[in-house]
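Single-structure report; data block below.
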Amino acid sequence: MASRTSRDVLGRGLAVLGQAIREQPRIFAVAVTGSVLFGAMTVASAFVVGAVVGDVVVPAIERGSVGVGVLALAAVALFGISMLRVVGIFGRRLGAGYMQYRLQAAYRRRVTRRYLDLPLSWHHRNATGTLLSNANSDVEAAWYPIAPLPFAVGTLVMLVGAVVSLFVTDWALALVGLAVFPALFALNVAYSRRMAPRQARAQRLRAEVSGIAHESFDGALVVKTMGREAQETDRFAARAGELRDSLVAVGRLRGVFDPMLETLPSLGTLAVLVVGAFRLREGAISVSELVSVAFLFTVLAFPVRAIGWVLAELPRSVAGWERVRRVLDATGEMPYGDTEFDPADRRPATLAFAGVCFGYEPAEAHLPGTEVLGEVSFTVPAGKTVALVGPTGAGKSTIASLAVRLVDPRAGAVALDGVDVRRLTAASLAGAAALVAQVPFIFDDTVRANIALDRPGIGDDDVWAALRLAEADGFVAALPDGLDTMVGERGTSLSGGQRQRLTLARALAGRPRLLVLDDATSAVDPRVEAAILAGLRSSGGEPGTPAASILVVAYRRATIALADEVIYLEQGRVVARGTHAQLLATVPGYTDLVTAYEQAEVDHTKNATYDQVAPLSSGLEIEVDR
């Protein structure tokens, strides 16, 4: 079983290396050429040294004098070979390094691009820490053997040349070489076989440590407010300890095999000297030939290690490559169509849901999926505001995601201006519809950069117009550097309501024809929220520009009352529709829900008002957004 595993790892590892060579053939050719030049000059240097010792040094000792011309010729030969070896080293290292880093950069881009192509359902099944590891350490691991690969290929050429030279020199010395070189290969194979499971486990633990770290840092607020610092530290320390032990096991194995790999060539040199002494006494070889062969074994010790380096890194490379391929081969992307809207058309869009059904895929294949929506049909007319109301889990956020095609329906269709969103190009869909999600995301950048996002045609005037419409221009103008103020990671220097208003301004800056608000103003003061929604209904951001169509997930009575129509959902189905007043009068479930929301809002406002003047025992105060 171990032998089959070793052969399997070797085969898969060689396939990874073959993939690298196919992708970067020219750079690999340059690196191998440099390595072959280095190897050829290494073999040549052994025979030049032998010739110098046998034909120059020994005669000079016997005569008691040194010929200047012969000595100068020997020096020129050694210097020339050394310079060619330097050229070979330069070409090999430059080519190998360039090839390795180029592959790593290319596959980081491919993995990241694939992340963006895959649907949210796929991301829901994969931890963020694992995805970070795929794009970073797994990519690095996959191409780690590329650095010594050209050296190893050149070493193979050098070994063939060395063996041929040994046979040309003397058959007895050649037999010593045939005993030593296979032993080196066998030792390297045994090393690779034992290293494979250790490297694979270490690579897996790297991803798990990254995942725990990301989870703890991303959930720092929960960790600190729930007093779980010690437990999270222990959880991270436990897995980091496993990674440490795994890497120590890798180092321990390397510590056992490295001395053996160093010792074998030295033993070969010793054997050559012993056998060579007998052959020299018999007159079968000359002094120069003995010195050449002994020197050859000495200089081969280091290059032969390059083969061991490649074999030792193959298990890690295979583990990293398979984790990268898992991302690149993942299915479920949502291809876009080729239909485009007229970019000059800024009229409000009509959104239509027709018999839409949707269910989330299970986290594991053997588990059943979760049905969220069933036969949902409604329309958001051009320029109108439609509110989605329903209890938790009714499917409101799923409808918001479907409207901007973050996910696709299992059945039915979602259309903008009569065009199925699956037929639109990515640019047309992004330009026509914008989503402001429940949880605002702010980049660690300036206010201007967060709103403009480097989109063409959005200048400072557009940014300020969007901020005014989102009721955010006042607090932005009061910031120390205005639009140039750095807001910190995830907008930590801003309140919750300010973050929500910035994300709303970001959406408005692109002048969408359909605006989808998924409880996007929950942290904003009700008065400010009413002003925002009233502004959205009356203006698209510029005088004379018609308003965008609005689909809003709403909870507050004042927000719902502004809608032209209310869609009431229960358990993923449309139960009722009509104006707010009509539903209050005819749908008991709707009345109970809105009343409960209103009472909760009143209680929250009272508590918030009290907390403004009554600090908590911990010394923290509740922040009320204004």
Side-chain angles (χ1 to χ4, degrees), residues 351 353 356 358 372-381 383-403 435-440 471 496-497 500-501 504 514-538 547-610 622 624-626:
L351 173 69
F353 275 59
V356 171
F358 180 82
V372 179
L373 299 178
E375 295 293 331
V376 171
S377 299
F378 68 89
T379 300
V380 179
K384 301 299 183 179
T385 298
V386 173
L388 293 175
V389 179
T392 301
K396 302 182 296 296
S397 293
T398 301
I399 290 176
S401 296
L402 285 162
L435 169 69
V436 185
Q438 288 175 310
V439 180
E471 294 287 324
Q500 282 193 333
R501 281 182 277 171
L504 177 58
L514 170 69
L515 185 63
V516 181
L517 305 177
D518 185 6
D519 193 24
T521 53
S522 58
V524 176
D525 182 274
R527 178 189 58 79
V528 177
E529 181 189 37
I532 292 173
L533 292 176
L536 293 177
R537 283 169 54 85
S538 62
S549 306
I550 301 173
L551 177 64
V552 55
V553 176
Y555 294 92
R556 292 169 176 165
R557 183 189 290 258
T559 306
I560 299 170
L562 290 172
D564 297 293
E565 184 181 26
V566 178
I567 305 294
Y568 179 57
L569 300 165
E570 284 185 357
Q571 297 181 350
R573 296 182 181 273
V574 177
V575 175
R577 67 183 67 199
T579 65
H580 172 58
Q582 290 171 340
L583 295 186
L584 277 178
T586 60
V587 183
Y590 176 82
T591 304
D592 293 342
L593 184 66
V594 172
T595 302
Y597 285 151
E598 188 173 41
Q599 185 59 48
E601 185 67 30
V602 171
D603 293 342
H604 174 75
T605 303
K606 287 180 179 179
N607 292 335
T609 303
Y610 172 77
I622 299 295
V624 178
D625 183 77
R626 291 190 174 87

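Quantities reported herein were computed from a predicted structural model and do not represent experimental measurements.
- Looking at Tyr568 and Leu593, their side chains come closer than 4.5 Å, going by heavy atoms from C-beta outward.
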* side chain to side chain contact (heavy atoms under 4.5 Å, CB included) between Val575 and Leu569, intermediate numbers included -> CA-CA 5 Å; Val575 175; Leu569 300 165; over 6 Å; no

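- Between Leu562 and Thr385 there is no side-chain heavy-atom pair separated by less than 4.5 Å.
- Summarising the geometry, atom CD belonging to Glu565 is positioned 9.0 Å from atom CD belonging to Gln582; distances are rounded to the nearest 0.5 Å.
- Atom NZ of Lys384 and atom OG1 of Thr379 lie 13.5 Å apart (nearest 0.5 Å).
- Residues Leu402 and Thr398 have side chains in contact (heavy-atom distance under 4.5 Å, counting atoms from C-beta outward).
- In this structure a side-chain-to-backbone donor-acceptor pair under 3.5 Å is present from Ser549 to Gly383.
- Taking both residues in full, the closest heavy atoms of Gly395 and Val372 are given as CA-CG1, 4.0 Å, listed atom of the first, atom of the second, then distance.
- Arg577 places no side-chain N or O within 3.5 Å of a backbone atom of Val566 that could act as its donor or acceptor partner.
- Scanning all heavy atoms of the two residues, the minimum distance from Ser377 to Val574 falls at O-CG2, 4.3 Å.
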* Under the side chain to side chain contact (heavy atoms under 4.5 Å, CB included) criterion, do Ile567 and Val386 qualify, and how do the steps go? -> CA-CA 7 Å; Ile567 305 294; Val386 173; 3.6 Å; yes

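- Closest non-hydrogen pair, Gly589 versus Glu570, comes out as CA-OE2, 4.5 Å.
- The shortest distance between side-chain heavy atoms of Leu515 and Leu504 falls below 4.5 Å.
- Ring geometry for Tyr590 against His580 counts as perpendicular: the plane angle is over 60°, on a 0 to 90° scale with 30° as the lower cut.
- Checked by atom type and distance alone, the side chain of Lys396 never pairs as donor or acceptor with a backbone atom of Gly572 at under 3.5 Å.
- Inter-residue side-chain proximity for Leu373 and Ile399 is flagged as met; some heavy-atom pair is nearer than 4.5 Å.
- In plain terms, the two heavy atoms of Arg573 and Gly374 that are nearest each other are NH1-O, 3.2 Å.
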* Report the C-alpha separation of Leu517 and Leu435 in whole Å, then their side-chain angles, then the decisive distance to 0.1 Å, and conclude whether the side chain to side chain contact (heavy atoms under 4.5 Å, CB included) test is met. => CA-CA 6 Å; Leu517 305 177; Leu435 169 69; over 6 Å; no

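- Of all non-hydrogen atoms in Val516 and Ala400, the two that sit nearest each other are CG1-CB, 3.7 Å.
- Of all heavy-atom pairs between Ile560 and Ala554, the closest is CG1-CB, 3.7 Å.
- In this structure a side-chain-to-backbone donor-acceptor pair under 3.5 Å is present from Thr591 to Leu584.
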